[in-house]
Amino acid sequence: MSFNQNASLIFSRIAQMLELLGSDRFRVNAANKASRELKALTADLEPLARAEDTKALTTHDGIGKGTAAKLIELAQSGTISEHDELATRVPAGLMEVLSIPGLGPKTVKLMWDDLKIESIADLKSEIDKGTVADLPRMGAKTIENITAAIQFMESSGDRLHLGLAMPIANRIIEYMQSIQGTIKAQYAGSLRRGEETIGDIDILIATTDPDAARDAFTTIQGVTRILASGETKSSIRYAISTENQRFKDLAVPAEIQIDLRIVPDESWGAALAYFTGSKDHNVALRKAALKQGMTLNEYGLFQSKDPEGTPIACHTEEAIYIALNLEPVAPPMRQDRGELALKEHLPLIELTDIKADLHTHTTDSDGKLSLEESATIARDRDFHTLAITDHSQSSAIANGLKPDRLRKQIKAIHDFNNSFEGLHIIAGSEVDILVDGSLDYDDDLLNELDIVVASPHAGLRAKPKQATKRLLKAICHPSVHILGHPTGRLIQRRAGLEPDITELIAAAVEHDVALEINSHWMRLDLRDTHVRAAVEAGCKIAINCDVHNASDYDNIIYGILTAQRGWLTPDQCINAWDHDRLHTWLKSKR
DNA sequence: GCCGTTTTCGGCCCGACTGTTTTCAGTCG
């Protein structure tokens, strides 16, 4: 694990332990903020910490003198004494109790103090004994809810992949739109921000018939439990169908929580902004409002002195940003990572900008589409270019092509292209980057290809230094256009490589190689923070679907959301370039 | 613990829902 990730985990645990010890909530917030900042940072802080460079460390948001000193201590001794000291006072199992939905620090501390509950197992046994019911404010209903929450947690430990949550949300939106009285329906929350995994789904609706909406929502097919059903908020647990055969080996939670918020149509924009978050972005937005003598809540932006009066802005999200003298911020960018400091409009990449897919497989290797089927789909999507990039010879399991098969395929693709109207199809390969960093075909054959996507597939547990060296070697190869799914991670399943991303980006800029955002929701690799660093360095980015079957083309939305989280503009994305610009660049490497 | 164009101290976002009370504490987002 990298220094930043390790530090992020430690600060997150410090925050939890402080909370359980009843510490000042602002100190808890500060530790959490430092943890999030460290998690999102691309630049490795270890060298700065080793050099005891407090000044450089504290340039990062949320890292002050205190946190900097702890980072220095971590770099020097491998541990933070505050954490170790807290850990002697707070049992490890108590943190798990705290993670049960509905149980907060106050209740957990009470259980710990009065009943010596130090783990989920303790909690279960005390509930069975009936002792928990003796605690203050602990009625039968609360205990039943805790029992259900433990069960929910045990069956749904992991978060849901973006690509699995989105179709569920879309189905529910469609259903809610069919209910009498619905004016608008839209998902918000982490799903709208395009986070790689989703904890729960937030749905907003404006309606003339709130009762009908609430009744429809809480009785929707798949509801396993109703958690809340109020005037403006309803909350359900929803069973996730596992009909998806393709990913039957994927550990998918059995249920997900879905919240429905019924909001007045006139405050739609304020509500959408509020429930889209992120929490940090909202806090920053509210602070900006307060500074300008205004106050912001989910009903609108108001004059501070007249919070009950007519709102200054409320109908649309844009109106709120504009009234605050801020550039409107696209949902995926709302992370409180500098987006409110933007002084001019950022032409963020959109779905409609994508005019080419440069990483697709056919039946020649492990794809399910023929060349013609894939080409037809690409043309229907108004693409101008499609690259066929089947696997290379070492990927035996994926039916990788030996040199003679590849040469035949190149000719077949060029012939097909001559007879196919309305789309330029080029011959490429997704060439394995072997463990030593060399490529899986000789240089002559690589030069015969119109495009080379070099990707790591095996040896994904290598040490960071070795991984960096391996990927750098591939980037420096003169025939390579794109570094495909650079880390090889699979979300919630495989960590993949942990190369020094800053070094890779610098090399990619120097050697004019594009780094790929692989749009498959299992990969999203590059991830959002890597994209942001690459964008800042002026690196070219590719957004590809790694197509194996027809529905994979639809995954492009997840790649776009990830790109937007990294502030990518169409000018820096080779898939958004027009035909001539793209092909001039491709040929520049031949 | 962090932060600052009202700045080195004194704040730190704000409302809904539940379950337990009988006016509100705790949790969540």
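In the text below, chain A, chain B and the rest are named by the order of the sequence lines, each starting its count at 1. Only a predicted model underlies this, so the values are computations on that prediction, with no experimental measurement involved.
Residue A:D61 is the one, among A:D61 and A:P136, whose nearest nucleotide of DNA chain B lies closer to the 5' end (criterion: closest heavy atom). Residue A:E298 is the one, among A:E298 and A:R261, whose nearest nucleotide of DNA chain B lies closer to the 5' end (criterion: closest heavy atom).
B:dC13 and B:dC3 have their C1' atoms separated by 16 Å, with the value rounded to a whole Å. When the C1' atom is compared between B:dT8 and B:dG1, the two are found 15 Å apart, to the nearest whole Å. When the C1' atom is used for both B:dC9 and B:dC14, the distance is 24 Å, rounded to whole Å. When the C1' atom is used for both B:dG26 and B:dT21, the distance is 13 Å, rounded to whole Å. Taking atom P on both B:dC2 and B:dT6, the two are 24 Å apart, rounded to the nearest angstrom. Across the C1' atoms, B:dT18 and B:dT23 are found 15 Å apart, a figure rounded to whole Å. Nucleotides B:dG11 and B:dT20 are separated by 32 Å at their C1' atoms, to the nearest Å.
Atom C1' of nucleotide B:dT18 and atom CD of A:Q257 are separated by 13 Å, given to the nearest angstrom. We find that NZ of A:K106 is positioned 5 Å from P of B:dG26, with the value rounded to whole Å. Computed from coordinates, the A:N32 CG to B:dC12 C1' distance equals 14 Å when rounded to whole Å. One can place CZ of A:R27 at 15 Å from P of B:dC3, the figure rounded to the nearest angstrom. We find that NZ of A:K233 is positioned 11 Å from C1' of B:dG15, with the value rounded to whole Å. Atom CG of A:D24 and atom P of B:dG11 are 14 Å apart (whole Å). Counting to the nearest Å, the P atom of B:dC3 and the NE2 atom of A:H60 are 12 Å from each other. Between the CD atom of A:E19 and the C1' atom of B:dG1 there is a distance of 15 Å, given to the nearest Å.
The environment of A:E85 atom CD is dense: over 12 non-hydrogen atoms of other residues, nucleotides or ligands sit within 6.0 angstrom. Heavy atoms from other residues, nucleotides or ligands lying under 6.0 Å from NZ of A:K184 number more than 12.
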Practice task
Start with the C-alpha distance between A:N145 and A:R225, add both sets of side-chain angles, then the distance that settles side chain to side chain donor-acceptor pair (under 3.5 Å), and finish with yes or no.
Solution key: CA-CA 10 Å; A:N145 286 343; A:R225 190 180 175 86; 3.0 Å; yes
Problem - Criterion side chain to side chain donor-acceptor pair (under 3.5 Å) on A:T182 and A:Q177, from CA distance to verdict - result: CA-CA 6 Å; A:T182 302; A:Q177 274 164 342; over 6 Å; no
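When the nucleotides B:dG26, B:dC13, B:dG15 are ranked by their closest atom to the side chain of A:K287, B:dC13 comes out on top. Listed candidates were B:dG29, B:dT18, B:dC14. Nearest to the side chain of A:L290 is B:dC14. Out of B:dT20, B:dC13, B:dG1, the shortest distance to the side chain of A:A30 is found at B:dG1.
In this structure B:dG15 sits in a base pair with B:dC28, meeting the Watson-Crick or G-U test at under 3.5 Å.
Looking at heavy-atom distances under 4.0 Å, A:L285 makes no contact with the nucleic acid at all. When heavy atoms are screened at a 4.0 angstrom cut-off, A:A140 is found touching the sugar-phosphate backbone but no base atom. Using a 4.0 Å heavy-atom cutoff across all strands shown, A:K70 reaches sugar-phosphate atoms only and no base atom. Contacts of A:K65 with the nucleic acid, taken as non-hydrogen atoms under 4.0 Å apart, involve only primed sugar atoms and P, OP1 or OP2.
Contact between the side-chain N/O atoms of A:N282 and the OP1/OP2 oxygens of B:dC13 is not found at any separation under 4.0 Å. At the phosphate of B:dC17, neither OP1 nor OP2 sits under 4.0 Å from any side-chain N or O atom of A:S235. Residue A:T107 places at least one side-chain N or O closer than 4.0 Å to OP1 or OP2 of B:dT27. When the side-chain nitrogen and oxygen atoms of A:N145 are compared with OP1 and OP2 of B:dG19, one or more of them lie within a distance under 4.0 Å. Between A:R137 and B:dT20, a side-chain N or O to OP1/OP2 separation shorter than 4.0 Å is absent. Residue A:T232 places at least one side-chain N or O under 4.0 Å from the OP1 or OP2 atom of B:dC17. Look at A:Y299 and you'll find a side-chain N or O under 4.0 angstrom from OP1 or OP2 of B:dA16. Within the 4.0 Å cut-off from OP1 or OP2 of B:dC13, not a single side-chain nitrogen or oxygen of A:T295 is found.
For A:S2, the side chain to side chain contact (heavy atoms under 4.5 Å, CB included) criterion is met by A:N4, A:Q5, A:E498, not counting sequence neighbours.
For A:D528 and A:T562, the side-chain atoms include no donor-acceptor pair closer than 3.5 Å.
Checked against A:R532 for a side-chain contact (heavy atoms from CB on, under 4.5 Å), the options A:R337, A:M333, A:Q335 give a single hit: A:R337.
The backbone N or O of A:I491 sits less than 3.5 Å from a side-chain atom of A:H161, completing a donor-acceptor pair.
Contact annotation: side chain of A:Y274 to base of B:dG15, donor-acceptor pair absent below 3.5 Å.
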